[in-house]
Student: 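Next up is a structure, given as structure tokens.
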2 protein chains.
Amino acid sequence: MTKSAPRTRIQEKNRSTILEAGLDVFSQFGFRGSTVDQIAEAAGLSKPNLLYYFPSKEAIYLELLNSLLDTWLDPLRALNDDGKALPEILDYVKRKLAMARDFPRESRLFAGEILQGAPRIEDALKGDLKTLVDEKAQVIRHWIAAGKIKEVDPYHLIFSIWALTQHYADFDTQVRAVLGGQDPFPGAEHYLEQLFTSRLKP
Amino acid sequence: MTKSAPRTRIQEKNRSTILEAGLDVFSQFGFRGSTVDQIAEAAGLSKPNLLYYFPSKEAIYLELLNSLLDTWLDPLRALNDDGKALPEILDYVKRKLAMARDFPRESRLFAGEILQGAPRIEDALKGDLKTLVDEKAQVIRHWIAAGKIKEVDPYHLIFSIWALTQHYADFDTQVRAVLGGQDPFPGAEHYLEQLFTSRLKP
DNA sequence: CGTGCCTTTGACCACTTGGTCAAATCAAGC
DNA sequence: GCTTGATTTGACCAAGTGGTCAAAGGCACG
């Protein structure tokens with residue numbers, strides 16, 4: 001599924017440097033707000049040189065977005081029917097929160113795309129994403145039927161986990177402004193654990 | 001505090017038409033992603049005519065943003081110490097969710113600004129917003145001390161309300177993609193009521 | 001009707017932006 | 001060191017952009 005793999009070592013290095021720089025710039029300014037020159041400078045390359053490795057600005061953006069979508073959904077894929085229900089869900093929350101802490105740029109890039117109507121990944125949302133969520137909603141319904149957790153709408157449960165964890169990455173500026181610069185993550189982890197335990201524990 | 005009030009009726013009308021068009025365009029494409037021509041067309045005016053009413057693209061954006069900030073915080077301002085604690089908080093959640101439903105453009109405009117680091121409203125966040133939240137956090141602490149709700153970090157409680165309600169406006173595309181186009185709001189209201197009741201009811 | 005002010009516009013400008021291209025440079029095998 | 005292909009770059013371009021301006025069109029009021 002990956003595009004023609006880079007052949008030389010230097011290509012591999014430059015391509016990943018560019019993607020890294022692109023993530024930096026795109027996540028901060030959005031697609032239209034970012035310029036090729038900005039990315040080139042962040043990558044330490046000249047603009048024509050950058051365009052030797054990627055055919056266009058959009059190609060960089062798309063490659064970031066697509067490779068992102070996969071890793072972004074990994075924590076949800078790991079939500080398995082085996083194991084106890086509540087700890088499984090709490091683990092998912094923790095994994096998602098850890099991603100917000102450790103990969104805020106990825107979260108923001110994604111958020112920006114969705115915010116603008118997701119014109120470039122609408123199909124993936126209605127396809128792979130919906131399929132995955134439908135599947136996991138079934139898992140949650142089984143847990144409810146088995147009395148392992150309280151009754152709850154599985155879709156809104158998943159939405160609420162997304163919303164609460166990504167908020168700390170996407171709205172970091174606001175959160176830190178209100179907290180006076182304090183690191184929100186330790187408190188957030190404790191808060192979310194309590195919140196979902198109260199709601200779900202039978 | 002308002003800029004020189006419009007004098008003639010036609011000025012008043014055109015200015016508000018432009019702001020309406022600006023909200024449409026900015027909320028969809030962000031500040032840098034929007035062009036003056038786009039806004040002018042959406043407003044049914046020529047570009048120079050639009051710039052007769054506002055000195056620049058940024059002036060439109062700033063006026064929207066500032067007038068927004070006020071109305072956006074109104075629901076939180078209405079969170080009062082009198083009345084019973086839990087219904088008061090649930091009302092706040094409902095008001096916030098209603099705003100996400102009825103004013104999604106405003107929510108997205110705000111979200112876009114925060115996402116990019118809030119360069120134009122950082123001061124307001126660290127000032128008015130922080131002051132207001134600090135104040136309401138005190139109210140919540142009193143409720144906890146009086147045993148009216150369970151112990152909870154007031155700041156993360158407020159963040160969680162923001163995150164959960166705004167998610168339905170800001171990530172509307174994603175939510176609807178997963179739900180297959182179904183209206184998420186009725187379900188969301190019920191889910192959020194249950195969630196916060198479980199967590200807070202003593 | 002005429003006057004003065006508000007409103008509207010076509011033409012224009014300087015600058016930014018994504019992208020191209022031919023020529024130069026470099027690196028590795030012979 | 002020579003050749004060949006990969007890499008890098010300076011110069012350039014067409015389109016898009018925010019914003020200006022002088023002139024024209026409306027409109028209310030005497």
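Note that the coordinates shown come from a computational prediction; the quantities given were computed from them, not determined experimentally.
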Student: Rounded to whole Å, how long is the line connecting atom CZ of B:Phe31 with atom P of D:dG18?
Tutor: 8 Å

Student: Round to a whole Å and report the spacing from CZ of A:Phe29 to C1' of C:dG18.
Tutor: 18 Å

Student: How would you label the contact of B:Ile10 with the nucleic acid (heavy atoms, under 4.0 Å): base, sugar-phosphate, or nothing?
Tutor: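 B:Ile10: backbone/sugar contact only, no base atoms under 4.0 Å.
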
Student: Using the side-chain heavy atoms of A:Pro48, tell me which of these nucleotides is nearest: D:dG19, D:dT9, C:dG18.
Tutor: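 Looking only at heavy atoms from C-beta outward on A:Pro48, the closest nucleotide is D:dT9.
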
Student: Where the side chain of B:Val36 is concerned, which of C:dT7, D:dG19, C:dG10 is the nearest nucleotide?
Tutor: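 Per side-chain heavy atoms of B:Val36, the pick is D:dG19.
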
Student: Quick check for you: among C:dG19, C:dT7, C:dG10, whose closest atom lies nearest to any side-chain atom of B:Gln11?
Tutor: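 Out of C:dG19, C:dT7, C:dG10, the nucleotide with an atom closest to B:Gln11's side chain is C:dT7.
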
Student: If the threshold is 4.0 Å, N to carboxylate O, is there a salt bridge linking A:Arg15 and A:Glu63?
Tutor: yes

Student: Are A:Arg105 and A:Glu20 within salt-bridge range, i.e. N to O under 4.0 Å?
Tutor: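 A:Glu20 and A:Arg105: salt-bridged.
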
Student: Is any side-chain nitrogen or oxygen of A:Arg32 closer than 4.0 Å to OP1 or OP2 of D:dT17?
Tutor: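 True: A:Arg32 side-chain N/O within range (under 4.0 Å) of D:dT17 OP1/OP2.
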
Student: So, is A:Tyr52 close to the D:dT7 phosphate, meaning a side-chain N or O under 4.0 Å from OP1 or OP2?
Tutor: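 So the side-chain polar atoms of A:Tyr52 do come within 4.0 Å of the phosphate oxygens OP1 or OP2 of D:dT7, strictly under.
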
Student: Charged N to carboxylate O below 4.0 Å: is that the case for A:Arg77 and A:Asp70?
Tutor: yes

Student: Under 4.0 Å from OP1 or OP2 of D:dT7: is there any side-chain N or O of A:Asn49 that close?
Tutor: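 Answer no for this pair, as no side-chain N or O of A:Asn49 is under 4.0 Å from OP1 or OP2.
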
Student: If you check every side-chain atom of B:Thr35, which of C:dG18, D:dC21, D:dG18 has the closest atom?
Tutor: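 In terms of side-chain proximity for B:Thr35, the closest of C:dG18, D:dC21, D:dG18 is D:dG18.
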
Student: What integer distance in Å separates A:Lys57:NZ from C:dT16:P?
Tutor: 15 Å

Student: Can you identify which nucleotide, out of D:dG19, C:dT8, C:dT9, has its nearest atom closest to the B:Asn14 side chain?
Tutor: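 Shortest atom-to-atom distance from the side chain points to C:dT8.
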
Student: Give B:Tyr53 one of three labels, base, sugar-phosphate or nothing, depending on what nucleic acid heavy atoms sit under 4.0 Å from its own.
Tutor: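 Result for B:Tyr53 = sugar-phosphate.
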
Student: Answer yes or no: is there an ion pair linking B:Lys47 with B:Asp37, defined by an N-O contact shorter than 4.0 Å?
Tutor: yes

Student: Between A:Ser46 and D:dT8, is there a side-chain N or O to OP1/OP2 distance below 4.0 Å?
Tutor: no

Student: In whole angstrom, what separates B:Leu51's CG from C:dC13's C1'?
Tutor: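 That distance rounds to 14 Å.
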
